[in-house]
Protein chains: 2
Amino acid sequence: MNIGLIAKNSGLPAKTIRYYEEIGLVIPARKENGYRNYSETDGIKLHFLQRARSLNFSIEDCRKLLCLYEDKARASADVKTVAKTHLQTIEQKISELLTMKETLTKLVASCHGDTDPDCTILDSLSGMLK
Amino acid sequence: MNIGLIAKNSGLPAKTIRYYEEIGLVIPARKENGYRNYSETDGIKLHFLQRARSLNFSIEDCRKLLCLYEDKARASADVKTVAKTHLQTIEQKISELLTMKETLTKLVASCHGDTDPDCTILDSLSGMLK
DNA sequence: TGTTGACCTTCCTGCTACTGGATAGTTTAA
DNA sequence: TTAAACTATCCAGTAGCAGGAAGGTCAACA
């Protein structure tokens, strides 16, 4: 399969697929004309990557997960550990963003937002307020 | 004030402060020996940046906000617009992360996490499930 | 006075995960 | 035959810094 078709099937841009090859994630065979020739297995791996990345797993996490996927003697506990750690990271980010949201919401609510230069948002950022 | 002191006062690493100078955010005077010489005003601006960045405003947003801060004839509506847009971005991110969290939580819960190779997480990522 | 150590300087590289663009070769359909 | 559509490689840029090398400066202490 050419890269264009595999791109459509996996939901990843061709550029990204070439990048994944460059960093050693999925390395396809080549045709005589130099074109990449993706197998069914390659397609599954790329789709796997697309899903994992859409869950925000880092590339390095993806690499680990892909290794585990290919290792038929893996322990599911190893996979679960990667996923749990990532889940914690996400929860951490959510909580940080919620804190920011709260602060920003207050700031936005407190600012008149008219033609007047007085602005509680700027006052707060500059340290004039609390 | 030397960069070390201003770093301590503003809560920003010296590296970051030099970077902010490089991109034209806060440009200090120089002493005869070539050392950066930060004024009180510079210190306020850097602290301003530290707070804005901690709320995840992008550097370009910070640039706008700093301009508005210095423009004593600004309309507070302009500031509010920047903040509201940013707030929406944050809310968007939160909602994306919440979706991921939900999916991941289910996956983690469904995986036995033992020495067995059967793993619903990998099955799901590879497309075997759903 | 010499020296040590804590500062400061510039410059260059690297990080994440791609994306865009230039230039050129190949294949396919009209 | 020719033009469109696809493919290839390579180089540069994005955000927001951080790390490190190589070297200059300053204040204190013996």
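No hydrogens, no waters, no symmetry mates; every other heavy atom, side chains included, goes into these values. By convention in this document, chain letters (A, B, ...) are assigned in the order of the sequence lines, proteins followed by strands, and residues within each chain are numbered from 1.
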Separation of C:dT26 P from A:Ile3 CD1 (nearest whole Å): 17 Å
Under-4.0 Å side-chain N/O to phosphate OP1/OP2 contact, A:Arg36 with C:dT26: no
Reported SG-to-CG distance for the pair A:Cys67 and A:Leu25, which is rounded to 0.5 angstrom: 9.0 Å
Nearest-angstrom distance from the residue atom CG of B:Asn2 to P of C:dA6: 16 Å
Interatomic distance, A:Glu60 atom CD to A:Leu65 atom CG [nearest 0.5 angstrom]: 11.0 Å
Atom-pair distance (CZ on A:Arg63; P on C:dA17), nearest Å: 10 Å
Euclidean distance, atom CD of residue A:Glu22 to atom P of C:dA17 [Å, nearest integer]: 14 Å
Gap between atom CD of B:Gln92 and atom NE2 of B:His86 - 0.5 Å precision: 13.5 Å
Distance-only side-chain donor-acceptor flag, B:Asp114 / A:Ser76, under 3.5 Å: yes
Any side-chain donor near an acceptor of the partner, A:Asp42 and A:Ser39, under 3.5 Å: yes
Rounded distance (Å) that lies between atom C1' of C:dC7 and atom CG of B:Leu5: 12 Å
Protein proximity profile, nucleotides 22-29 of chain D - base contact B, sugar-phosphate-only contact S, no contact -, cut-off 4.0 Å on heavy atoms: --BBS---
Donor-acceptor contact present, side-chain B:Lys80 to main-chain A:Cys111, <3.5 Å: yes
Distance, nearest 0.5 Å, that separates OG of A:Ser126 from CD1 of B:Ile44: 7.5 Å
Rounded distance (Å) that lies between atom C1' of C:dC15 and atom CD1 of A:Ile23: 13 Å
Between C:dT16 (P) and A:Glu60 (CD): distance, integer Å: 7 Å
A:Phe57 CZ to C:dA17 P, straight-line distance once rounded to whole Å: 13 Å
Carboxylate-amine/guanidinium proximity below 4.0 Å for B:Glu21 and B:Lys15: no
Close approaches to DNA chain D from residues 11-21 of chain B, in residue order (heavy atom, under 4.0 Å): B:Pro13, B:Lys15, B:Thr16, B:Tyr19, B:Tyr20
Backbone N/O of B:Ile23 and side chain of B:Arg63: donor-acceptor pair under 3.5 Å: yes
